[in-house]
**Q** 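Take a look at this one; I'll ask things after.
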Amino acid sequence: EYTMLCSQLKDIYPDYLLDRSILINNVHELKVNGFKLATASEYFKGLLKDIRLKELEQSKTIEEKEAEAKKTVSRRTRTRSLSEIEAESLKINYDDPVGLELALLFAHTVGDEKYNTNYKSNLNKDNVAAVIKASIRFQMPALSKCCFEFICDDLKKENFWFYWKLSKE
C-alpha cells in the first residue's frame with residue numbers, strides 16, 4: 001500500500017520538488033523553489049531527491065511504529081502523515097557564499113526570459129568569477145553560459161588581462 005501510494009504521488013508531482021530552505025555554511029538561510037532549483041541544477045536535483053527519500057523512510061518508520069502500537073493504519077492516516085512531514089533544509093558548505101547566493105538567484109529565473117535578462121544585470125566584473133565557480137560546482141550549465149556571455153560582451157582591450165587571469169584560476 002505504501003509503495004503504491006508513493007508511486008501515484010510521483011506520477012502526479014515529484015515530491016522532491018517541494019520548496020525548501022538552504023542553510024549556507026550553517027549561518028545564512030535562503031528559501032528556494034524546489035522545482036526551479038532542480039531544473040537549474042542536476043546537483044541540487046539529486047540532493048533534493050536524496051533528502052526526500054530519507055524523509056519518506058523516516059515517515060514510514062514512524063508510521064510502522066504507530067501501526068504496531070495501534071495494530072491498524074488506514075489510508076487516510078498514511079496520506080495525512082505524508083503531508084505532515086517537515087521538509088528538511090539543504091545544508092551546503094561552500095567557500096564563497098556570495099557566488100552561491102547569486103547562483104541560487106539565477107535558479108529562480110530559469111525558464112523566464114524577462115527575469116533571466118534582469119539577472120544578467122546582477123553580474124559584474126567583481127562577482128562573475130565567483131558565480132562561474134558556483135555554476136560549475138553545482139552543475140548549472142545555463143548559468144555558466146550566462147556568465148560566459150557576460151564576459152564576451154564585456155571583453156575589451158582594457159580588461160583583457162583581468163579576464164585572462166580569471167580564466168587561469
**Q** Should Ile92 and Phe44 count as side-chain neighbours, where that means a heavy-atom distance under 4.5 Å?
**A** yes
**Q** Do Arg20 and Leu48 pass the side chain to side chain contact (heavy atoms under 4.5 Å, CB included) test, and can you show the C-alpha distance, the side-chain angles, and the key distance before you say yes or no?
**A** CA-CA 9 Å; Arg20 301 270 177 179; Leu48 289 168; 3.8 Å; yes
**Q** Please enumerate all residues that pass side-chain hydrogen bond (donor to acceptor under 3.5 Å, both in side chains) together with Lys125, with sequence neighbours excluded.
**A** none
**Q** Looking only at heavy atoms, what is the nearest atom pair of Asp154 and Asn159, with distance?
**A** O-ND2, 2.9 Å
**Q** Could you grab the distance from atom CD1 of Ile24 to atom CG of Asn93, nearest 0.5 Å is fine?
**A** 10.0 Å
**Q** Given the rule in the side chain to side chain contact (heavy atoms under 4.5 Å, CB included) test, do Val98 and Leu102 qualify, once you have shown the distances and angles that lead to the verdict?
**A** CA-CA 6 Å; Val98 172; Leu102 286 170; 4.2 Å; yes
**Q** To the nearest 0.5 Å, what is the distance between CG (Leu100) and NZ (Lys133)?
**A** 14.0 Å
**Q** Using every non-hydrogen atom in the two residues, find where Arg137 and Tyr94 come nearest and quote the distance to one decimal.
**A** CG-CE1, 3.7 Å
**Q** Between Asp50 and Arg52, does any side-chain N to carboxylate O distance fall below 4.0 Å?
**A** no
**Q** Could you check whether any side-chain N or O of Ser41 sits under 3.5 Å from a backbone N or O of Leu37, counting only pairs where one atom can act as donor and the other as acceptor?
**A** no
**Q** What distance separates Asn122 CG from Glu101 CD, expressed to the nearest 0.5 Å?
**A** 11.5 Å
**Q** For Glu29, enumerate each residue passing the side-chain hydrogen bond (donor to acceptor under 3.5 Å, both in side chains) test, keeping only those at least two apart in sequence or located in another chain.
**A** Ser21
**Q** Only counting residues at least two apart or in another chain, list the ones meeting side-chain hydrogen bond (donor to acceptor under 3.5 Å, both in side chains) with Ser89.
**A** none
**Q** For Lys168, enumerate each residue passing the side chain to side chain contact (heavy atoms under 4.5 Å, CB included) test, keeping only those at least two apart in sequence or located in another chain.
**A** Trp164
**Q** Which value, rounded to the nearest 0.5 Å, describes the distance between Leu30 atom CG and His28 atom NE2?
**A** 4.0 Å
**Q** Indicate, with yes or no, if Leu166 and Trp161 share a hydrophobic cluster defined by side-chain heavy-atom contacts under 4.5 Å among Ile, Leu, Val, Met, Phe, Trp and Tyr.
**A** yes
**Q** For residues 138-153, which side-chain N or O atoms pair as donor and acceptor with protein atoms under 3.5 Å away, sequence neighbours left out?
**A**
unit_1: Gln139; atom_1: OE1; unit_2: Tyr43; atom_2: N; d: 3.1
unit_1: Ser144; atom_1: OG; unit_2: Ser135; atom_2: OG; d: 2.7
unit_1: Glu149; atom_1: OE1; unit_2: Lys120; atom_2: NZ; d: 3.2

**Q** Does Val27 offer a backbone N or O that forms a donor-acceptor pair with the side chain of Asn25 under 3.5 Å?
**A** no
**Q** Check side-chain hydrogen bond (donor to acceptor under 3.5 Å, both in side chains) between Asn127 and all other residues, then give those that pass, not counting sequence neighbours.
**A** none
**Q** Between Ala134 and Gly99, which heavy-atom pair has the shortest distance, and what is it?
**A** CB-O, 3.6 Å
